[in-house]
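Report on one structure; see the data block that follows.
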Amino acid sequence: MAAAETDREAPSALCSEFLQFSAKDTAAKWLQASNLPKEVYQHLACYVPKIYCLGPNLNPQNEDLLAPLLLQSPLEWYLCGEEPSVGLAKLEQNNQPSQLCGHVFKVGEPTYSCRYNCAADPTCVLCMQCFLGSVHKEHRYRMTTSGGGGFCDCGDTEAWKKGPYCQKHEPNISDSSQKDPLANMSEEMIARTHNVFSIILKYAVDMLTWDKEDELPEGLEPPLRGDTYYCMLFNDEVHTYEQVIYTLQKAVSCTQKEAVSFATIVDRDGRKSVRFGDFQFCEQAKSVIVRNTSRQTKPLRVEVMHSSVVAHQCFALKALTWLGQIIRCSDALRRILCQVGLQRGPEGENSSLVDTLMLCDSKMWKGARNVYHQLFMSSLLMDSKYKKLFAIQFAKNYECLQSDYVKDDHDREFSVTDLSVQMFAVPSLARMLITEENLMTTIIRTFMDHLRHRDLQGHFQFERYTAQQAFKFRRVQSLIGDLKYVLMSRPTEWTDQLREKYLEGFDAFLELLKCMQGMDPVVRQVGQHIEMEPEWEAAFTLQMKLTHIISMMQEWCASDERVLIEAYKKCLSALTHCHSGFTDGEQPITLCMCGHSVDTIRYCVSQEKVSIHLPVSRLLAGLHALLSKTEVAYRFPEQLPLSELSPPMLIEHPLRCLILCAQVHAGMWRRNGFSLVNQIYYYHNVKCRVEMFDQDLIMLQAGASMMDPNHFLMIMLSRFELYHIFSSADCRKRYSRENANKDVLQQNNTLIEEMLHLVIMTVGERYTAGVGQVESSDETRREIVHQLCIRPMAHSELVKALPENENKETGMERVIDSVSLFKKPGVTGRGLYKLRPECAKMFNLYFYHYSRADQSKAEEAQRRIKRQNGEDSDGVKRLWRQPVILDMFLPHTQVRAQYELVLQVLHLIGMGLVEEQQHLISSADDDTNFNFTLKISRPGEAPANTPSILALLETLQNAPHLEVHKDMIRWILKVKLIQISLQSPTWHSQEEMVRDKDKAERKRKAEMARLRREKIMAQMSEMQRHFINENKELFQQSLEELDPSTSSTLDSCDSTLVCVGPRRWRAGGSERRQMVTCILCQEEQEIRTDGKAMVLAAFVQRSTVMSKNRKRPPHNPDKYDPLFMHPDLSFGTHTGSCGHIMHSHCWQSCMRFSGLHEVSSGWHLWHCVKAGILPYLRAAALFFHYLNGAPAPPEFHTLGAGEWEALCGYLCLPSNLLQLYYNNQELMEPLRCSSAHHSSICCFRFPRESNHIIELPGDYSALINQASSFTCPKSGGDKSRAPTLCLVCGAMLCSQSYCCQTELEGEDVGACTAHTFACGAGVGIFLRVRESQVLFLAGKSKGCFYAPPYLDDYGETDQGLRRGNPLHLCQERYRKVQKLWRTLVGIDWQHL
C-alpha cells in the first residue's frame, strides 16, 4: 500500500521542480562550463533517479514524457546551439543522404534475394519497397522472412553484380557523392557534437557494462540516496516458461497470471524486476529463485540491485536509442559518432568504446544487446570508411568474442558475433581481413581450439561427449558459417600477399581435416550384437557443415594456377602424413592372377578398423580433378609432385570405404546396429555425397588411370575378399564347395554384384568436370533425367534430389525445360515434371546416385514405358583390354545364372563394345590399340580350356533360364559383328555362317506359322457370316433395341414423368436396381418406395456460417427452436452428415431414442406470384426425384418459358394457381385467415445466403508485410512471434505465446482458441502467416493443419516458407478451403 501511495505522490512532488526547468538555460550553462562531463553527469545524477524506477511498477508514460524534457532536450539545445527543431531541420535540409537503403529488418518482415545471378552472394537482400522498385522484380527471386537484425542492401554496389539501385535510391549524377559530409558543418557545431556524443556514449557504455549492484560510477551518485532495491530476474535459454512461472509463484507469492506476465517480459527484454523493497526483502526472493532452479541445471541469474543503478541503466538504453535517432538527421552526425566510438582509449589497443561494448556483450541482458547492436548497424555499418575500421577491430577481437559466445547461452541472433555477416560477406572487406588480419587462419584455429577432445591419434572424438561438450559443439558450429561468408566470393585478381595468407589458411584447414581423417572408426561386430549404439551424428554434422567450405576452398584454388599447384602439394603431403604408417602391422602379400602379379598388403575390411570419414583424401581427389579441368597438369607437369604419387595409397582408403558400404548391403554388419546403417545412408545422401561418395569414386578413377588396370582389379578383388574365388585354377568347384552355406553364398553373390557395380561406375561415370569433358550443366541435366526416369516429380522433389551449392542453388532452372515437360496441377495435387521421350535414351540402370530402391523403380518404370510404346527390350578405357576383367566374367557366368549378376556382366560387356565402337569411329585407321572385341573372342587364360566370352554368349542366347536376357545377349552379338566389320570387312568366321543358317531356319518357321494363323482366322470369319444369315430377325431386333431413336417411351399416365401423386412413375423390372448396405446390420437393401425406410445420421451443432449479426446473442436460448433459428442472431444451427446409410429401425435401436420431437410447419407462399413459388417447386422436384427415383424430364435440362409447366407436371400439380387454391381450399383457408390477423409478420427470403471467408491478397508477401508490422496487444509493442490471421473476420492475432492467453470457462487458452468462441461459435479457421499454414480449430483441444491456398509457379505450397519461391493466391483452392469451412462441423475431430 505504501508503495502505491509513493507512486501517486512522486509526480506531484516533483511537478513544481519540473515546471521551473529550462532546457535552454541548462544548455547555456553547459556551454560556459570548464568541465562539461562533470556538469552533465551531475545533471543526470540529479534527474535520472527522479524519473526512473520510483516504485515496484515502472511507469513508461511518465518516463517517456519526462525523459525527453529533462534529459534529452538540454543535450539537443547544446548540440544545435538553437531551438532543436530548427537546428535539426537545417541539418536534414543540408544533408546528402547515403545511397544505401539501410532499412533494418523487423522480425518476420519479408526479404527478397535475386536468383538471376545478380547478387554477389545469397546474403544480399532487399526490403519490400526497394524490391518492388528494382529490376529484380522481373527476375527469379527468393522470398523469405527475416529473423530481425539485418538490413536492406539496396545501393551497395559490392552486394550486387547487376541492378544495385532501386528507383528510390538511384544516385543523382549531379551530386558529388564523394564529398565529406562534415564539410557542410561548422567547426563549433562539430566540436559541440563531439562533446555530447563522447559524454553520452561513455555514460551509456559505463552503465550497461557496470557490474556493481549497489554502487554507481564516479560522478553519478545521487544527492539523496534511498534504501530501495529491485530483485532483478534475468533471462536464459536453459529454463522453460513453466519452470520460471512455477518458481516465481513460490518466490514472490504472485498469481499465475502475474507470473506469466513476468516470464513473458523476461523472455522479451532479457530481465524484469519481480520484487521491490528493502535489501532483505529482495534477497529473500533471490534465494528462493536460486534454490528452486539449481537442482538439475545452473540456476536462474538473479541480482538484487539498488534502484538508482537500475534507473541509470534504463536511461542508458534510452540514450543509445536517442543517439540512433539523432544521427538519422545528418550523415555528418553519423560520422562524428563513429569517430567517437572507435577512438582509442587511454588503455591502448582494444580500448575504444566500441571494443568495450563488444567484449562485454555476453555480460549484458538481451534488451541492452539489441539496442547497441541496432546503433552499430545504423552508424558503423552504414559508412564504408568506418565499416572497414570496425571490421578490423572485430577481427582483432574475434577469438575473444567467439569464446564468450560459446560460453554464453543466448541464441546467436542476440550476440554481437551475429554481425559478422555484415562484414565478412563484403568481398573487399573479406580480402582485406584475410591479408591484413589473417582472418581465415584465425577462424579455423579458433574453431579447433574449442574441439579439444581427441583420441591418441589426434582425431576428433565425439563418442564420449558430455552434455556440456555437446552444447559447446553446437555453438561453435557458427564459426563455420563465418568461414563460409569469407570464402563466398572468389577473387578475380590475386596478389602475392593474398596468396600467402590464403595458403596459410589452407594449411590450417588441412590441420582441421587431418583431425577428421579416420575419426569414428568402426569394427565389424561378430557373434554378439553391439550393446550400445555409438555416437555418430556429431561427426556427420561436422561433415555436412564443412561440405560447402571444402567446395569453396577448391573453387578458390581453381581461380589461380599457382595457388592450385601449391594447394595440391600441401594436400598430398598431408595425406602422406596421415598414411605414413598405413602398412604398419599389415602383412605385405603378392597377388597373382592370369599371368599378372601385384604387391599389396593383407587387409580385410570385415576384420579391421575402417572409417567413413576421409576428408583429406577427398579434398585431394577434388584438387586432382581440378588439375585436369584447368589443364594445369598438362601445362606445368614439372611443377607437380607426380613422382611422389602412389596410386595404391591414393585408392586404399576410399576403396575400403566403398567396400564397407558393399558389405553392409550384403548383411555382414547387422550386429553393428543402426548407427552404421545411418552413416552409410548419409554417405550416399545428397547432403553429403558431393564431398564423400563422389570424391571417393573420383579417387578410384584417378588411381585406375595411373596404375596397371590388372593390378587395380586384383587389389579390388582382394579388398572385396573375393580374390580366393576368382584366382583358383578350378574356381567353379571351389566356389561351390566353400559356399555350401546359403548365407555365405548369398553374401558372396551380393559382394560380386557390388564389385561389378563399382567397376561399372569406375569405368562409366565420367560426367564430372575434370574426369570427363563436361560442364556442370551436363551433370545437372543427367541427374534430372535419372530422377525423372523413376517417376514424374514435383519441382520441390527435384530440388531435394539435387545437391545445392553455397548459394542454395542447384542449377536446375537452366536445364529443366530441355529434358522435361511440365504439367500444371488441378484443384488438388502438385505440378509435375515428366521426362521428354527423346531423353529416355540417356537412362543408365547403374546410375551411380541410384539407391537399390531407385534402381528397381527406374527399371520397372522404363520397362512399362517401353511396353506401352510397343518397343523391345550404351584413361579408364584400358580396363576393357585387360585379361583379368575378362577372366572375372567366365567362371561366374557358368556358376550361377543369377539375374542381377548376369545383367551386370552383360552391361559391362556392352559398355566395352560401345566404348570400342566410339573409339574406332573417332580414331585413325591404323590405331588398333582398343581391341576389346578381339579379347572377348579369345579363350580364357585361366584355366586354359575355358571358352571365350563370345562363345559363351552364343551358347547362352537360347538358354531357357536366361530368357529375360536374350535381347541383351543378341544386341551384344550384333554390335560385335559391327565392330568386326569396322576392323576387317572381309573376315568371316564359321560361327557367323552357322548363325546365318539358324536365322534363315527361324524365319522359315515364322512364315509357316503366319500362314497357318491366317487360314484359321478365315475359317472363323466364314462361320460367323453363316450364323448371322440364319438368324437375321434376331440380330435386327437387337439392333433396334440398341438404337435410342427407336426405343419406346416409359409407360405412364399421359406419357409424362410424374414424381409424386397417384400417377407417379414406378420402376419396372427392367430398370437398374439401386442397392445399399446398412452400416449397422450390414444387410443389403434395395431402395424402393414400399421398402424399409433408410436414414442418414445427422450431426447438429451451432455455427456462424449463416449468421448475419455475430454481435446479437440469443436472450433466452431455451425458448429458441434449434431447427428454426432466427437469421439475425450471432449463431445458428448447422446440420451435416457423414453420408452412411442405415435402416431406420436399426438406427432407432442403436440410439435408443424414445420418441422424436416432431415439428410441423406450413409454407405461407400463397400470397406470392408465380416467380416467388418457383424456388420452392425446384427444391420439391429435387426432393421427390431423389426420394422416389423418378427420372427428370428433358425440359429440366434447359431453362425457359416452359419451366413452370414442366415443374407442375412433374409434381402432379395444376399449372393454374387459382385451380391449385380451390383444389386445396380446406387446407388453405385456415392458413389465409391466420395470416390476415398478423399483419406485422416479417418475411425472410430463403434460401439465405451463407457467409464467406475474407478476401486475401494475390501476393503472399503483402500478407507477410502486414504481419511484420503487427504488434502483440499485451506486450507493450513487442512484435508477435506467430501472427495469425482469422479468415472469418480478418482479425490478426498473437498466437502460440503466453502473453495473449485468455481465461475461458475457467481454463487458460490461446488467442486463437478464445477468438473462435467470439467469432465462430467455437469453430474457427486461421492462416498462420509466417508458416504459410491453414489452421482449423474446434473447441479448446481439437484442430488440424491444412494446406494453404497460396502456390508457387510450380503449383506447390510452401508450408514453413522453406523454399522461398514467390507465392500467389490460387482462387480454386481458396474456394475449396471455404467449402471445407462451411462443412467444418462434419469433420470427425477425434480421428485427426
One thing to verify: whether [Y] and [X] come together as a salt bridge, which I'm taking to mean a side-chain N less than 4.0 angstrom from a carboxylate O.
X	Y	answer
R412	D482	yes
R562	D496	yes
R656	E652	yes

Would you indicate whether [X], at its atom [atom1], is surrounded by more than 12 heavy atoms from other residues, nucleotides or ligands within a distance under 6.0 Å?
X	atom1	result
Y568	OH	yes
F636	CZ	yes
R454	CZ	yes
F471	CZ	yes
K388	NZ	no
K387	NZ	yes
K472	NZ	yes

Self-check item: Residue of the set Q517, Q695, H653 for which side chain to side chain donor-acceptor pair (under 3.5 Å) holds with S617
Solution: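 When side chain to side chain donor-acceptor pair (under 3.5 Å) is applied between S617 and each of Q517, Q695, H653, only Q517 qualifies.
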Self-check item: Test side chain to side chain donor-acceptor pair (under 3.5 Å) applied to H795 and K800, E813, R1363, the passing residue
Solution: E813
Which distance, rounded to the nearest 0.5 Å, do you find between the [atom1] of [X] and the [atom2] of [Y]?
X	Y	atom1	atom2	result
I434	R431	CD1	CZ	6.5 Å
C154	D156	SG	CG	9.5 Å
L479	T417	CG	OG1	8.5 Å
L676	I612	CG	CD1	7.0 Å
L623	I565	CG	CD1	12.0 Å

At their closest point, which heavy atom of [X] faces which heavy atom of [Y], and how far apart are they?
X	Y	result
F473	L542	CZ-CB, 4.2 Å
M423	A391	SD-CA, 3.5 Å
L513	P615	O-CG, 3.5 Å
R499	V563	CG-CG2, 3.7 Å
P647	G703	CB-O, 4.1 Å
L572	P641	CD2-CG, 3.7 Å

Counting the benzene-type ring for Trp, do [X] and [Y] have ring centres under 6.0 Å apart?
X	Y	value
H613	F540	yes
F376	F390	yes
H849	H786	no
F506	W556	no

Is a donor from one side chain sitting under 3.5 angstrom from an acceptor on the other, for [X] and [Y]?
X	Y	answer
S428	E158	yes
T111	T144	yes
N678	S675	no
S559	R490	no
D361	H373	yes
S777	R782	no
Q393	D355	yes
N117	K161	yes

Self-check item: side chain to side chain donor-acceptor pair (under 3.5 Å) evaluation trace for D449 with T446
Solution: CA-CA 5 Å; D449 286 343; T446 303; 5.4 Å; no
Quiz prompt | Trace of the side chain to side chain contact (heavy atoms under 4.5 Å, CB included) decision for C400 with M358 | solution = CA-CA 10 Å; C400 184; M358 288 194 297; over 6 Å; no
Side-chain contact test, heavy atoms from C-beta onward, threshold under 4.5 Å: evaluate it for [X] versus [Y] and give yes or no.
X	Y	answer
S851	D854	yes
M544	E691	no
C657	F693	no
H579	M649	yes
Q787	E797	no
Y116	Y141	no
V686	L802	no
K484	F424	no

Exercise. Just say parallel, tilted or perpendicular for the rings of W536 and Y682, cut-offs at 30° and 60°.
Key: tilted
Exercise. On the 0 to 90° scale, with breaks at 30° and 60°, tag the H139-H136 ring pair as parallel, tilted or perpendicular.
Key: perpendicular
Quiz item: Could you walk me through whether T810 and T780 pass the side chain to side chain contact (heavy atoms under 4.5 Å, CB included) check?
Solution: CA-CA 8 Å; T810 61; T780 304; 5.8 Å; no
Quiz prompt | Worked check of side chain to side chain donor-acceptor pair (under 3.5 Å) between Y683 and D696 | solution = CA-CA 11 Å; Y683 173 73; D696 285 346; 2.6 Å; yes
Can any side-chain N or O of [X] pair as donor or acceptor with the backbone N or O of [Y] at less than 3.5 Å?
X	Y	value
S628	A625	no
S551	T547	yes
R781	V815	no

Exercise. Report the C-alpha distance between N1365 and R115 in whole Å, list the side-chain angles of each, state the deciding distance to 0.1 Å, and finish with yes or no for side chain to side chain donor-acceptor pair (under 3.5 Å).
Key: CA-CA 10 Å; N1365 293 326; R115 288 179 162 178; 2.8 Å; yes
Exercise. Flag this pair as yes if the NZ/CZ of R475 is under 6.0 angstrom from the six-membered ring centre of Y405 and inside a 45 degree cone about the axis; otherwise no.
Key: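 Verdict for Y405: a cation-pi partner in R475.
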Self-check item: Sole residue of I444, L483, V486 in side chain to side chain contact (heavy atoms under 4.5 Å, CB included) with I549
Solution: L483
Exercise. Test salt bridge (Lys or Arg N to Asp or Glu O under 4.0 Å) on E561 and R635 and set out the steps.
Key: CA-CA 10 Å; E561 295 174 347; R635 290 186 287 114; 2.6 Å; yes
Quiz item: Going through the distances and angles, do F847 and E783 end up as a side chain to side chain contact (heavy atoms under 4.5 Å, CB included)?
Solution: CA-CA 9 Å; F847 180 61; E783 290 278 355; 3.6 Å; yes
